[in-house]
Amino acid sequence: MVLPDGRAVVLERRAAALPALAALESGIGRTRIAAMLWPDSDDARRNLRQQLPRFRKRFGQDLTDGGDELRLAAGLRHDAAASTRDPLLGSLTFEDCEEFERG
């Protein structure tokens, strides 16, 4: 991910998947994104709620915008046209997140 100031940042896999989903499916619901990324959690929405402020703390800004529907924050960009040689989420794997992995 590239921040507005030009810094490229590397995120843990679920943290990386969250803004990717918000970019590719702008307006994706919080419940859906939480279920996709934390399918085995007793409280997937809590995990999502905890991740969002971590972005703000680490980068000094939110990576997503929106209330119940998330989208990539203004000023951020992504390479949704990533090639198979250089996929959007690199070599990250999501075997434990079946719905996310199915796309």
Side-chain angles (χ1 to χ4, degrees):
M1 169 167 290
V2 179
L3 298 176
D5 64 7
R7 287 182 296 153
V9 295
V10 177
L11 300 171
E12 178 273 328
R13 68 189 185 101
R14 286 184 175 139
L18 200 162
L21 278 169
L24 296 174
E25 294 188 38
S26 188
I28 188 170
R30 285 178 180 254
T31 300
R32 181 161 181 245
I33 209 168
M36 289 176 79
L37 296 179
W38 292 279
D40 296 332
S41 174
D42 290 336
D43 193 351
R45 287 217 26 159
R46 180 188 49 145
N47 293 330
L48 175 61
R49 281 191 308 273
Q50 291 173 343
Q51 181 59 57
L52 296 174
R54 285 186 200 125
F55 289 147
R56 192 175 320 111
K57 183 177 180 181
R58 180 173 174 194
F59 304 116
Q61 70 178 79
D62 292 321
L63 299 187
T64 60
D65 288 332
D68 286 333
E69 297 178 346
L70 297 178
R71 63 189 170 281
L72 194 63
L76 297 182
R77 57 192 168 128
H78 63 86
D79 184 6
S83 69
T84 54
R85 189 179 114 266
D86 185 23
L88 183 62
L89 291 172
S91 62
L92 298 175
T93 61
F94 294 88
E95 302 91 21
D96 58 333
C97 302
E98 288 181 30
E99 184 180 353
F100 176 77
E101 196 164 67
R102 279 193 308 266

(request) Give, for atom CD1 of I33 and atom CZ of R45, the distance between the pair rounded to the nearest 0.5 Å. (result) 11.0 Å
(request) Indicate the atoms forming the closest heavy-atom contact of L72 with L63, along with that distance. (result) CD1-O, 3.5 Å
(request) Could you pull out the closest heavy-atom pair between G27 and R71, with the gap in Å? (result) N-CB, 4.1 Å
(message) Donor-acceptor check, side chain of R14 to backbone of L37, threshold 3.5 angstrom: yes or no?
(response) yes
(message) Treating R13 as the side-chain partner and T93 as the backbone partner, does any N or O pair qualify as donor plus acceptor under 3.5 Å?
(response) yes
(request) With rounding to the nearest 0.5 Å, note down the distance linking CD in Q50 to CH2 in W38. (result) 9.0 Å
(request) Considering non-hydrogen atoms only, spot the tightest contact between E95 and E101 and give its length. (result) N-OE2, 3.6 Å
(message) Show the nearest heavy-atom pair for residues G66 and R30, with the distance to one decimal.
(response) O-NH2, 3.5 Å
(request) Give a yes or no on this: more than 12 heavy atoms of other residues, nucleotides or ligands lie within 6.0 Å of atom CG of D5. (result) yes
(request) Without swapping roles, check the side chain of D65 against the backbone of A74 for a donor-acceptor pair under 3.5 Å. (result) yes
(request) Would you name the heavy atoms of F55 and A15 that are closest together and state the gap between them? (result) CZ-O, 3.4 Å
(request) Go through the structure and list residues passing ring-ring contact (aromatic ring centres under 6.0 Å, His included) with F59, not counting sequence neighbours. (result) none
(message) So, taking the atom named CD in E25 and the one named CG in L70, what distance separates them when rounded to the nearest 0.5 Å?
(response) 11.5 Å
(message) Taking side chain to side chain contact (heavy atoms under 4.5 Å, CB included) as the criterion, tell me which of D43, T64, L18 meets it with L48.
(response) L18
(message) Looking at every heavy atom in both A35 and A44, which two are closest together, and how far apart are they?
(response) N-CB, 4.2 Å
